[in-house]
2 protein chains.
Amino acid sequence: MDSKKLENIFGALSSSLRLRMTLLMVKRPFCVCELENIFDVSQPAISQNLKILKAANLIGEKREKQWVFYSTNKELLSSAFGEFLELLEKEDAFIEIVGLKISDLPHDPQKSCEILQRKKEVLKSDLLQGGN
Amino acid sequence: MDSKKLENIFGALSSSLRLRMTLLMVKRPFCVCELENIFDVSQPAISQNLKILKAANLIGEKREKQWVFYSTNKELLSSAFGEFLELLEKEDAFIEIVGLKISDLPHDPQKSCEILQRKKEVLKSDLLQGGN
DNA sequence: TAAGTATATTAGCATATGCTTATGAAGTTC
DNA sequence: GAACTTCATAAGCATATGCTAATATACTTA
């Protein structure tokens, strides 16, 4: 579970529609035509949002006759949140994320900013950035 | 913790920059000028993203001399995720979210869709929608 | 109080998102 | 295999998002 996967999960759950769909599909599998009527958006909108949830691995699908049933992957949610909370505790997460050791930076913001500015000029910015 | 608050939290964590900022500020408080140099975006971009994190209550701020120090509200994250997982288990979450009892819907998608379509025509859509 | 520093806000712009309508593809049923 | 149903994809458009540059505000210090 890298941070890109977490980003996708959080992004998938950041819309009201997808959050409600996720909370619904945890109860039992639903097909697209049911979801379309429950949430009062067009069928393509449902499909598109299911695609986003699926890309985040938050739902699974199962074809049955002419229907496709989608259901929430509850285990993934639990484990993702758990791993995120672990990441918060992890002492060296700082290094992985910004390429710095926490001990490199004094608490005094004046000194800290000087160090960072120098570092910024030396290092290429792509070492620090991971896109958006 | 209603679903709107969860939405804000997930939205706040759905960008790479804000996710990394959150993981960083859990280690110790940081001021804007430090963050600006760490993440190689402009100072206004940092302030704007801090504002989003703060609106989701994910960070707290503490003024000290001319600096404003921001730090991650770790407890909120734990409790938010916990409450979301509880919501997934909650039997009647379905009712709150879509205004229907799960027992109203047969598993047979053909019958289920018919019921939903009738319900859709009867009920105003604003009972089912919560915006995006 | 003037100058300097840190942060916030505004305006503007490029890109992303999220819907709708139209269409395509795949499976079902008669 | 033709009509029907279900779902996915594409095109188009309006709005949201996220940055930068410019400016304002607030605090600090001499």
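Everything quoted here is computed from the prediction, not taken from an experiment. Below, chain A is the first sequence line, B the second, and so on; all start at residue 1.
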Hey, are the side chains of [X] and [Y] touching, using non-hydrogen atoms and a 4.5 Å cut-off?
{"X": "B/Leu58", "Y": "B/Leu77", "answer": "yes"}
{"X": "B/Asn73", "Y": "B/Ile59", "answer": "no"}
{"X": "A/Asn49", "Y": "A/Leu53", "answer": "no"}

Atom-pair distance ([atom1] on [X]; [atom2] on [N]), nearest Å:
{"X": "B/Glu34", "N": "C/dT5", "atom1": "CD", "atom2": "P", "answer": "17 Å"}
{"X": "B/Leu17", "N": "D/dG18", "atom1": "CG", "atom2": "P", "answer": "9 Å"}
{"X": "B/Met21", "N": "C/dT7", "atom1": "CE", "atom2": "P", "answer": "12 Å"}
{"X": "B/Glu36", "N": "D/dA21", "atom1": "CD", "atom2": "P", "answer": "12 Å"}
{"X": "A/Ile46", "N": "C/dC19", "atom1": "CD1", "atom2": "P", "answer": "8 Å"}
{"X": "A/Asp40", "N": "C/dT20", "atom1": "CG", "atom2": "C1'", "answer": "13 Å"}
{"X": "A/Glu114", "N": "C/dA6", "atom1": "CD", "atom2": "C1'", "answer": "15 Å"}
{"X": "B/Leu53", "N": "C/dA8", "atom1": "CG", "atom2": "P", "answer": "12 Å"}

Should [X] be listed as having a side-chain N or O under 4.0 Å from OP1 or OP2 of [N]?
{"X": "A/Ser42", "N": "C/dT20", "value": "yes"}
{"X": "B/Asn49", "N": "D/dC19", "value": "yes"}
{"X": "A/Lys51", "N": "D/dC7", "value": "no"}

task: Strictly below 4.0 Å, heavy-atom distances to any atom of DNA chain D: list the hits from residues 58-69 of chain A, or just say none.
output: A/Gln66, A/Trp67, A/Val68
message: Nearest to the B/Tyr70 side chain among C/dT7, D/dC7, D/dA11, which nucleotide is it?
response: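 My answer, after comparing the listed nucleotides, is C/dT7.
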Shortest side-chain distance from B/Val32, nucleotide among C/dA8, D/dA8, C/dC19: C/dA8
No-hydrogen, no-angle side-chain donor-acceptor test under 3.5 Å, A/Ser47 and A/Gln43: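 Yes, side-chain donor-acceptor contact under 3.5 Å.
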- request: Decide whether A/Arg18 and A/Thr22 meet the rule of one side-chain donor and one side-chain acceptor closer than 3.5 Å.
  value: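 No donor-acceptor contact under 3.5 Å links the two side chains.
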Check whether the side chain of [X] and the base of [N] form a donor-acceptor pair under 3.5 Å.
{"X": "B/Gln48", "N": "D/dT20", "value": "yes"}
{"X": "B/Gln110", "N": "D/dT5", "value": "no"}
{"X": "B/Gln43", "N": "C/dA8", "value": "yes"}

- request: May I ask you to decide if the ring planes of B/Phe81 and A/Phe81 are parallel, tilted or perpendicular, using 30° and 60° as cut-offs?
  value: parallel
Inter-residue atom distance A/Asn37.CG - B/Glu114.CD, 0.5 Å rounding: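 Rounded to the nearest 0.5 Å, the CG-CD separation comes out at 10.5 Å.
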message: What's A/Pro44 touching, base or sugar-phosphate or nothing? Going by heavy atoms closer than 4.0 Å.
response: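 Result for A/Pro44 = base.
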